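Atoms within a ligand are numbered from 1 in the order they appear, just like the ligands themselves. One is the number of the first residue; the rest follow in order along the sequence. It should be emphasised that the depicted structure is a prediction, and the values quoted were computed from it without experimental measurement.
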Amino acid sequence: MGLSLKGARWSGMIDKPNLEVEIAGIKLKNPVMTASGTFGYGEEFSPFIDLDRLGAMVLKGITLKPKMGNPPPRIIETPSGMLNAIGLQNVGVEVLIKEKLPYLKKFNTPVIINISGDTIEEYVELARRLGEVSKKMGVAGLEVNISCPNVKKGGMVWGTDAKATYKIMSSIRKATTLPLIVKLTPNVTDIKIIAQAAEEAGADALSLINTLVGMAVDIDSRRPKLANVSGGLSGPAVKPVALWLVWQVFQTVKIPIIGIGGIIKIEDALEFIIAGARATEIGTANFVNPKVTVEIIEGIEKYLIEKNIKDINKLVGSMKI
Ligand SMILES: Cc1cc2nc3c(=O)[nH]c(=O)nc-3n(C[C@H](O)[C@H](O)[C@H](O)COP(=O)(O)O)c2cc1C
């Protein structure tokens, strides 16, 4: 369907719709963010896209100390997606602060740090440390990963039990005034209860979903294809699950939701927004097309013009039932 903007002004159509949204008190120039673990520390993507175009950058999950992650093989392709068992390999918070954040500071795009730990104390210490340097190093907020399926300790332990979610989030809340986004797992019986616990504990926003636990088997060796046996499923295969969970959580909490899971094209992002997400994160698609985030931003703007919607916020949760 072609879209002619000629004469838009005269026909009552709008020239430039508002794409700005607010998540956890952070102003984003558009609702398109990167998903943790699929965008490195940002620099890797600057040959492909102007990082200034993004709504926000969420960096690879960080822990207090550097982590080697799981042994290989730790990534395999699956129909319409992939399984990963990286196991939170990362440089550790001090290297992040000294070597990665200075590069990102020159961009006018909020940087959100995804944090993980084995214990509550580790999360709290990370939040405290990042709060301490936030102004100087340009940390806009934290995304608390309580949903990683690929680590032996911590990870999903906090995100699969409402009491544990409340406990960890209220401890982190006390340790920092930085905006807190809680990243939820789909691997639960009722995500609404977990979402509520996070909101009650003082979360400013929720992001969902992290990956779905899965596995694959090599029929010749009869071994699991991943050395870790299980991994996290992501990509287009998970989108319907993610959309359903976003829609459920949207009806449960008041805080903003960031929709994640299988977004590879403009229409996918729009589906999430209509189902209740105020912003979106793009993950696996970055591996296939490193320019996908910017293409989706441009596509959302075109859609708003075509539908004569002046403000993206009007679209959020506008699903008709
Ligand atoms: C290789 C890989 C690494 C990931 N690492 C992290 C991570 O460090 N922290 C986190 O919260 N999520 C991590 N995720 C989950 C993604 O951020 C996202 O929630 C998930 O992949 C679903 O989105 P997608 O289908 O668009 O990829 C990772 C995903 C992949 C594929």
Side-chain angles (χ1 to χ4, degrees), residues 32-42 44 56-63 66-70 72-93 96 100 112-117 123 126 141-151 154-156 158-159 180-187 191 205-214 226 228 230-243 245-246 257-266 268-269 271-272 277 279-290 292-293 296:
V32 178
M33 311 164 66
T34 59
S36 180
T38 64
F39 197 71
Y41 299 103
E44 298 89 322
M57 292 182 266
V58 184
L59 308 186
K60 172 64 193 165
I62 206 84
T63 49
K67 247 178 131 100
M68 290 294 290
N70 291 323
R74 49 189 197 173
I75 282 192
I76 53 162
E77 216 174 311
T78 58
S80 291
M82 64 184 273
L83 277 169
N84 93 82
I86 303 293
L88 291 176
Q89 177 180 4
N90 75 91
V91 295
V93 72
L96 174 86
K100 307 292 180 187
I112 293 168
I113 311 291
N114 178 286
I115 61 168
S116 274
Y123 280 92
L126 269 170
L142 305 178
E143 181 178 63
V144 185
N145 180 4
I146 54 167
S147 45
C148 180
N150 301 320
V151 285
M156 284 203 313
W158 313 110
L180 290 179
I181 301 162
V182 182
K183 186 157 178 186
L184 303 182
T185 173
N187 304 295
I191 200 165
L206 301 174
S207 59
L208 60 141
I209 58 172
N210 207 318
T211 53
L212 281 145
V213 182
L226 291 168
N228 189 55
S230 68
L233 182 67
S234 63
V238 310
K239 193 188 82 176
V241 177
L243 268 173
L245 295 178
V246 163
I257 298 165
I258 304 167
I260 323 169
I263 301 175
I264 57 164
K265 55 186 195 309
I266 301 145
D268 299 330
E271 278 190 75
F272 274 94
T280 57
E281 288 181 19
I282 320 290
T284 303
N286 286 303
F287 298 137
V288 183
N289 172 11
V292 65
T293 42
I296 290 177

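- Note: I115 CD1 to I146 CD1 = 10.5 Å, rounded to the nearest 0.5 Å.
- Of all the atoms in ligand 1, the ones that sit under 4.0 Å from a non-hydrogen atom of A35 are 17 (O).
- With L59 as reference, I113 is the one residue of I113, I112, T34 to meet the side-chain contact (heavy atoms from CB on, under 4.5 Å) rule.
- The option from E281, Q89, K183 that lies nearest to atom 18 (C) of ligand 1, judged by heavy atoms, is K183.
- At least one donor-acceptor pair closer than 3.5 Å links the side chain of N187 to the backbone N or O of T211.
- Between the side chain of S36 and the main chain of G61, a donor-acceptor pair closer than 3.5 Å is present.
- Within ligand 1, counting atoms from 1 as listed, the ones closer than 4.0 Å to a heavy atom of T211 are 20 (C), 21 (O).
- Proximity of I209 to ligand 1, defined as any heavy-atom pair under 4.0 Å, is confined to the backbone N, CA, C and O atoms.
- In terms of N/O distances under 3.5 Å, ligand 1 is approached by G61.
- When non-hydrogen atoms are compared, ligand 1 lies under 4.0 Å from the backbone of N210 as well as from its side chain.
- For atom 27 (O) of ligand 1, the nearest non-hydrogen atom of the protein is T284 OG1, 2.6 Å.
- At a 4.0 Å heavy-atom cut-off, ligand 1 touches N114 through the side chain alone.
- Scanning all protein heavy atoms for the shortest distance to atom 26 (O) of ligand 1 gives G283 N, 3.1 Å.
- Summary of contacts: the protein heavy atom closest to atom 23 (O) of ligand 1 is I260 CG2, 3.4 Å.
- In this structure, atom 7 (C) of ligand 1 lies nearest to the protein heavy atom S36 OG, 3.3 Å.
- Heavy-atom contacts from other residues, nucleotides or ligands closer than 6.0 Å to CD of E77 number 12 or fewer.
- Atom OG in S147 sits 13.5 Å away from atom CH2 in W158 (nearest 0.5 Å).
- Shortest contact from atom 5 (N) of ligand 1 to any protein heavy atom: K60 NZ, 3.1 Å.
- Residue I209 holds its CD1 atom at 9.5 Å from NZ of K183, rounded to the nearest 0.5 Å.
- Shown in contact with G37 at under 4.0 Å from a heavy atom are these atoms of ligand 1, numbered in order with element: 1 (C), 2 (C), 3 (C), 4 (C), 5 (N), 6 (C).
- The shortest N or O to N or O distance between I75 and ligand 1 is not under 3.5 Å.
- Distances below 4.0 Å separate heavy atoms of G262 from the following atoms of ligand 1: 24 (P), 25 (O), 26 (O).
- For ligand 1, the polar-atom distance check finds no N/O of T38 at less than 3.5 Å from any of the ligand's N/O atoms.
- Judged by distance alone, the side chain of S230 and the main-chain N or O of V213 form no donor-acceptor pair under 3.5 Å.
- Distances below 4.0 Å separate heavy atoms of S234 from the following atoms of ligand 1: 21 (O), 25 (O), 27 (O), 31 (C).
- Considering L83, D268, N84 only, the shortest heavy-atom separation from atom 30 (C) of ligand 1 involves N84.
- Annotation: the span from L208 atom CG to I260 atom CD1 amounts to 6.5 Å, rounded to 0.5 Å.
- Looking only at distances, a side-chain donor or acceptor of N90 sits under 3.5 Å from a matching main-chain atom of T63.
- Checked by atom type and distance alone, the side chain of N70 never pairs as donor or acceptor with a backbone atom of N228 at under 3.5 Å.
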